[in-house]
Amino acid sequence: MIVFDLQCSDGGETFEVWFRSSSDFDEQSAGGLIECPFCGSIKVAKAPMAPRLPRKGASDPLARLAAAQAELLKNSRWVGDQFVNTARAIHAGEAEPEQVHGNATIAQAKSLAEDGVPVAPLPLPVVPPSQVN
Ligand SMILES: [Zn+2]
């Protein structure tokens with residue numbers, strides 16, 4: 001797996017997308033298959049890499065990102081494929097307010113955002129608890 005920082009040419013938003021390989025990105029990009037998760041534009045290109053200064057004693061950046069995400073999700077409940085329904089129910093006041101995370105397609109996330117449901121993409125793919133040994 002490889003992660004690219006991508007930038008939307010329409011809205012200027014930057015976001016990260018995971019690909020199996022670098023050529024995967026090239027193929028999907030050429031086929032117009034990569035959508036901006038914020039506005040749905042397919043005018044998406046690799047973002048200029050922000051300079052990352054090595055910090056003294058810094059560990060693997062991916063490990064630090066994973067740790068940050070784990071911290072973020074400590075108080076969040078995994079709801080898997082029920083994410084969209086659960087997020088909508090909480091937003092509508094039909095379910096107890098709580099922080100949840102789960103699976104959503106880019107189109108689903110976009111539609112939630114359009115309806116005013118606060119959603120944010122996670123920096124890393126989450127392993128569902130049922131698959132953690
Ligand atoms: Zn955009």
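For ligands, and for the atoms within them, numbers begin at 1 and follow the listed sequence.
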**Q** After noting the C-alpha distance and the side-chain angles of F4 and I2, does the key distance pass the side chain to side chain contact (heavy atoms under 4.5 Å, CB included) rule?
**A** CA-CA 7 Å; F4 284 122; I2 183 168; 3.9 Å; yes

**Q** Give a yes or no answer on whether the side chain of S9 reaches the backbone of K43 with a donor-acceptor pair at less than 3.5 Å.
**A** yes

**Q** Mind checking whether L6 and T14 have side chains closer than 4.5 Å, heavy atoms only?
**A** no

**Q** Under 2.8 Å from the Zn ion (ligand 1), how many protein N/O/S atoms can be counted?
**A**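 N, O or S atoms of the protein closer than 2.8 Å: 4.
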
**Q** Can you tell if the side chain of V3 reaches within under 4.5 Å of the side chain of V17, non-hydrogen atoms only?
**A**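 Not in contact.
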
**Q** Examine distances only and state if a side-chain atom of Q7 and a backbone atom of V44 form a donor-acceptor pair shorter than 3.5 Å.
**A** no

**Q** Give a yes or no on whether the backbone of F25 and the side-chain of Q28 come within a donor-acceptor separation of less than 3.5 Å.
**A** no

